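Written below as structure tokens is the structure these notes are about.
The figures here come from the full heavy-atom set of this structure, side chains too, leaving out hydrogens, waters and symmetry mates. Note that this is a predicted model, so its numbers are computed, not measured.
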Amino acid sequence: SLALALIVSVFFLLFFKTILFISFDEEYARTRKVGVQLMNYILISFVALTIVLSIKVAGIILVISLLTIPQVSANLFFKDFKRIVFASVILGFLGSVGGLLLSYYLNIPSGASIIFLLVVIFISMRVLKLIINRR
């Protein structure tokens, strides 16, 4: 898992602008001779490897939750890709560590407590966004 995390991190650091370019306008990236299909295959492979390695450790529901809830939560407040990625990592980390602490002190399953905390974070951020939009 650590090796995959390092490989994905280095890949994103090296190809961040290309990934950003493809993420926002795939057709335009193709006209600029960017290897869109190759990049998509590499990214899909990283997602698949992450899911396969993580399922053994955490279970499918926790893996899917960790891959979606932090990103959706970050997307509520940020539109810049860099900020969404950074906020997603922070939210995922806080949800995981907080869920593990909650699990330890309440003597409940860790996967369920992590997902619960991530959902609470999402709902809190959603309510905060609604309050901000009303003003």
Side-chain angles (χ1 to χ4, degrees):
S1 292
L2 180 60
L4 179 62
L6 289 173
I7 291 169
V8 170
S9 297
V10 169
F11 182 81
F12 263 78
L13 288 173
L14 293 175
F15 295 103
F16 183 78
K17 288 188 179 190
T18 305
I19 293 168
L20 184 66
F21 193 37
I22 292 170
S23 298
F24 283 104
D25 196 350
E26 199 171 292
E27 294 302 318
Y28 184 68
R30 278 194 177 98
T31 63
R32 306 298 281 171
K33 305 287 190 237
V34 175
V36 173
Q37 191 168 9
L38 175 64
M39 190 64 68
N40 281 337
Y41 285 143
I42 292 170
L43 292 174
I44 289 169
S45 298
F46 282 149
V47 170
L49 282 170
T50 301
I51 290 171
V52 168
L53 288 176
S54 300
I55 286 174
K56 288 183 176 182
V57 176
I60 188 69
I61 295 174
L62 180 58
V63 170
I64 298 300
S65 297
L66 283 170
L67 288 174
T68 56
I69 296 173
Q71 291 76 11
V72 172
S73 299
N75 201 28
L76 290 171
F77 287 95
F78 302 109
K79 299 302 176 208
D80 180 47
F81 187 69
K82 284 182 185 178
R83 290 183 179 170
I84 291 172
V85 170
F86 186 69
S88 298
V89 170
I90 290 172
L91 289 172
F93 178 77
L94 291 175
S96 297
V97 171
L100 288 172
L101 290 173
L102 187 68
S103 165
Y104 177 77
Y105 288 113
L106 297 178
N107 197 24
I108 57 176
S110 59
S113 61
I114 292 170
I115 294 170
F116 175 76
L117 190 57
L118 286 171
V119 170
V120 167
I121 291 170
F122 170 74
I123 291 171
S124 301
M125 291 179 76
R126 183 76 177 140
V127 168
L128 182 63
K129 181 71 172 180
L130 288 171
I131 291 169
I132 290 171
N133 285 343
R134 286 191 181 176
R135 290 185 179 174

If you round to the nearest 0.5 Å, how far is [atom2] of [Y] from [atom1] of [X]?
X	Y	atom1	atom2	value
L118	L91	CG	CG	8.0 Å
L38	I22	CG	CD1	8.5 Å
L117	I114	CG	CD1	9.0 Å
I55	I60	CD1	CD1	3.5 Å
L4	T50	CG	OG1	4.5 Å
I115	L62	CD1	CG	5.0 Å

TODO: Using the test side chain to side chain donor-acceptor pair (under 3.5 Å), find all partners of Y104 that sit at least two apart in sequence or belong to another chain.
DONE: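 Partners of Y104 by the side chain to side chain donor-acceptor pair (under 3.5 Å) criterion come out as none, since no residue qualifies.
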- [ ] Without swapping roles, check the side chain of S54 against the backbone of I51 for a donor-acceptor pair under 3.5 Å.
- [x]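 Checked: no pair found.
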- [ ] Return the minimal non-hydrogen interatomic distance between S103 and P109, and the atom names on each side.
- [x]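 Reported closest heavy-atom pair: OG-C, 3.7 Å.
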Open item on the list: Taking salt bridge (charged side-chain N to carboxylate O under 4.0 Å, His left out) as the definition, give me every residue that meets it alongside R126, ordered by chain and number, with sequence neighbours left out.
Closed with: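 For R126 there are no salt bridge (charged side-chain N to carboxylate O under 4.0 Å, His left out) partners, ignoring immediate neighbours.
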Qualifying residues under ring-ring contact (aromatic ring centres under 6.0 Å, His included), relative to [X], sequence neighbours excluded:
X	answer
F21	Y28
F93	none
F11	F15, F46

Open item on the list: Is there a side-chain contact between M39 and I19 in this structure, where contact means two heavy atoms from C-beta onward sitting under 4.5 Å apart?
Closed with: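 Yes, at least one pair of side-chain atoms sits under 4.5 Å.
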TODO: Sequence neighbours left out, what pairs pass side-chain hydrogen bond (donor to acceptor under 3.5 Å, both in side chains) with at least one residue falling in residues 29-38?
DONE: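 Qualifying pairs: E26-R30, E27-R30, Q37-Y41.
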Would you list the atom pairs, donor with acceptor, under 3.5 Å between side chains in residues 69-88 and any protein atom, with sequence neighbours excluded?
{"residue": "Q71", "atom": "OE1", "partner": "T68", "partner atom": "N", "Å": "3.4"}
{"residue": "S73", "atom": "OG", "partner": "I69", "partner atom": "O", "Å": "2.9"}
{"residue": "K79", "atom": "NZ", "partner": "N75", "partner atom": "O", "Å": "3.0"}
{"residue": "S88", "atom": "OG", "partner": "I84", "partner atom": "O", "Å": "2.6"}

Apart from [X] itself, what residues make up its hydrophobic cluster when side-chain heavy atoms of I, L, V, M, F, W and Y under 4.5 Å apart count as a link, directly or indirectly?
X	value
L130	none
V89	none
L106	L102, I108, F116, V120

Task: Contacts of L6 that satisfy side-chain contact (heavy atoms from CB on, under 4.5 Å) - sequence neighbours left out - done: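 L2.
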Open item on the list: Which residues pass the side-chain contact (heavy atoms from CB on, under 4.5 Å) test with V10, not counting sequence neighbours?
Closed with: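 V10 satisfies side-chain contact (heavy atoms from CB on, under 4.5 Å) with L14 only.
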Task: L94 atom CG: more than 12 heavy-atom contacts under 6.0 Å - done: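 Yes, CG of L94 has more than 12 neighbouring heavy atoms, counting only those of other groups under 6.0 Å.
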TODO: Assess whether atom OH of Y105 is packed by more than 12 heavy atoms of other residues, nucleotides or ligands within 6.0 Å.
DONE: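 Result for OH/Y105: open.
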- [ ] Following the transitive rule for hydrophobic clusters with a side-chain heavy-atom cut-off under 4.5 Å over Ile, Leu, Val, Met, Phe, Trp and Tyr, establish whether I132 and M125 coincide in one cluster.
- [x]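 Hydrophobic grouping puts I132 with M125.
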Task: Shared hydrophobic cluster for V119 and L67 (ILVMFWY, side-chain gaps under 4.5 Å) - done: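 The answer is yes; both residues are in one hydrophobic cluster.
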TODO: Could you give me the CA-CA distance, side-chain angles and deciding distance for L43 and V47, then say whether side chain to side chain contact (heavy atoms under 4.5 Å, CB included) is met?
DONE: CA-CA 6 Å; L43 292 174; V47 170; 5.7 Å; no
